[in-house]
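Numbers restart at 1 for each chain; the letters A, B, ... are given by sequence-line order, proteins then strands. Remember, it's a predicted structure, so these values are computed and weren't measured experimentally.
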Amino acid sequence: MIEYWPSKRTSDSIVRQNESLLLPFETQRIIEPFADGAVLLRAEVLDKAEGLLEEVRAIAHAAPFRRMVTPGGFTMSVAMTNCGDTGWITDRRGYRYGAIDPESGHQWPAMPALFRAVAVTAAERAGYVGFEPDACLINRYEPGSRMSLHQDKNERDFAQPIVSVSLGLLATFQFGGATRKDPVRKIFLDHADVVVWGGASRLNHHGVLTLKNGWHPSTGRVRYNLTFRKAL
DNA sequence: AAGTGTCC
DNA sequence: CGGC
């Protein structure tokens, strides 16, 4: 049973609800603020998605995706790798950033110029000028993978935003508040969507519901998420 | 230390 | 869905 989505890149209803936020018509992209300091950029990297995916393949060749273990001893359902000066890792000892891939003993692959450009541009469009990511965590979700509600708080400077790029299968992103029990907003993230959060929402809890089965022409049975941070 | 959990 |  093969399903195909998205059949339509942006829904008419979303366009109608956000008329005042529409960018110049030819881009067909939408800026949608959804929390204090948080912005959804629909279809932001549609023209760069194939290039980004090529880079993901090259990075995964040097630093293969692996399912890390949490300090509690649970293996995560999402497979991860990193590029940049430093990378986010977890094992029985804890969560942290490190310049060395523990699997290989080598540095993480360098952050491709296209990655940096996409992250910086998206941050700017969301209102964060001067963002200089030094880390990109790459998450690979397959059907059944999920990420429970958490905060990104291993970075040093919470004045720097988080930029999240979605590629491939549709996911339901949950964006909550300062505490884990704050209500969450559900946001459907499609291929080439970008989410940026910072400011008052920098430490908000967020997560991804269990990925549904599906097939995407660019990625197959997979969703990739590129999460750019300034960690150091 | 661990709530980024194929949790329970 | 809430709690640890």
message: So, using side chain to side chain donor-acceptor pair (under 3.5 Å) as the criterion, who are the partners of A/Trp108 when residues are at least two apart?
response: none
field: Contacting residues from residues 94-112 of chain A, given that a heavy atom lies under 4.0 angstrom of DNA chain B
entry: A/Gly94, A/Tyr95
query: Hey, is A/Asp91 close enough to A/Arg96 for a salt bridge, meaning N to O under 4.0 Å?
result: yes
- prompt: Under the salt bridge (Lys or Arg N to Asp or Glu O under 4.0 Å) test, which residues partner A/Arg185, sequence neighbours left out?
  reply: none
Whole-Å distance separating the CZ atom of A/Phe173 from the C1' atom of B/dT4: 12 Å
- request: Could I get the full list of ring pair (Phe, Tyr, Trp, His ring centres under 6.0 Å) partners for A/Tyr128, not counting sequence neighbours?
  value: none
- prompt: Taking atom P in both B/dA1 and C/dG3, what distance in whole Å separates the two?
  reply: 25 Å
task: Nearest whole angstrom, please: distance from the C1' of B/dT4 to the CD1 of A/Ile162.
output: 12 Å
message: Identify the stems formed by DNA chain C, where each pair is Watson-Crick or G-U wobble with both distances under 3.5 angstrom and a stem is at least 3 consecutive pairs.
response: none
query: Excluding sequence neighbours, so at least two apart, what forms ring pair (Phe, Tyr, Trp, His ring centres under 6.0 Å) with A/His150?
result: A/His206
Which side-chain N or O atoms in residues 198-205 of chain A pair as donor and acceptor under 3.5 Å with protein atoms at least two apart or in another chain?
unit_1, atom_1, unit_2, atom_2, d
A/Ser201, OG, A/Asp36, O, 2.9
A/Ser201, OG, A/Gly198, O, 3.0
A/Arg202, NE, A/Gln160, O, 2.8
A/Arg202, NH1, A/Asp152, O, 2.8
A/Arg202, NH2, A/Glu155, OE1, 2.8
A/Asn204, ND2, A/Gly176, O, 2.8
A/His205, ND1, A/Gly177, O, 3.1
A/His205, ND1, A/Ala178, O, 3.4

query: Quick one: A/His205 NE2 to B/dA2 P, roughly how many Å, whole number?
result: 15 Å
query: So among A/Trp88, A/Tyr97, A/Tyr95, which one has a side-chain hydrogen bond (donor to acceptor under 3.5 Å, both in side chains) with A/Asn154?
result: A/Trp88
task: Scan every strand shown for a Watson-Crick or G-U wobble partner of B/dA1, both distances under 3.5 Å, and answer none if you come up empty.
output: none
task: Could you name each residue pair satisfying side-chain hydrogen bond (donor to acceptor under 3.5 Å, both in side chains) that touches residues 161-183 of chain A, not counting sequence neighbours?
output: A/Ser164-A/Asn225, A/Ser166-A/Arg223, A/Thr179-A/Asp182
- prompt: Mind checking what makes side chain to side chain donor-acceptor pair (under 3.5 Å) contact with A/Arg66, not counting sequence neighbours?
  reply: A/Asp101
Those residues that, when tested against A/Phe74, pass ring pair (Phe, Tyr, Trp, His ring centres under 6.0 Å) (two or more places apart): none
field: Gap separating the OG atom of A/Ser77 from the CD atom of A/Glu142, nearest 0.5 angstrom
entry: 10.0 Å
Each nucleotide N or O in nucleotides 5-8 of chain B that has a protein N or O under 3.5 Å away: list the pair and distance.
unit_1, atom_1, unit_2, atom_2, d
B/dG5, OP2, A/Ser148, N, 3.2
B/dG5, N7, A/Ser148, OG, 2.8
B/dG5, N7, A/Arg180, NH2, 3.4
B/dG5, O6, A/Arg180, NH1, 2.9
B/dG5, O6, A/Arg180, NH2, 3.0
B/dT6, OP1, A/Thr75, N, 2.9
B/dT6, OP1, A/Thr75, O, 2.8
B/dT6, OP2, A/Thr75, O, 2.1
B/dT6, OP2, A/Met76, N, 3.1
B/dT6, O5', A/Thr75, O, 2.7
B/dT6, O3', A/Arg146, NH2, 3.3
B/dT6, N3, A/Arg67, NH2, 3.3

- request: At the 4.0 Å heavy-atom cut-off to chain A, mark where contacts on DNA chain C begin and end, going 5' to 3'.
  value: C/dG3 to C/dC4
message: Categorize A/Asn154 for me: base, sugar-phosphate, or nothing, with a 4.0 angstrom heavy-atom threshold over every strand shown.
response: base
- prompt: Same cluster for A/Leu149 and A/Val195 if Ile/Leu/Val/Met/Phe/Trp/Tyr side chains link at under 4.5 Å?
  reply: no
- line: note: A/His206, atom NE2; B/dG3, atom C1'; distance rounded to Å ~ 13 Å
message: With heavy-atom distances below 4.5 Å as the criterion, would you say the side chains of A/Pro71 and A/Thr90 are in contact?
response: yes
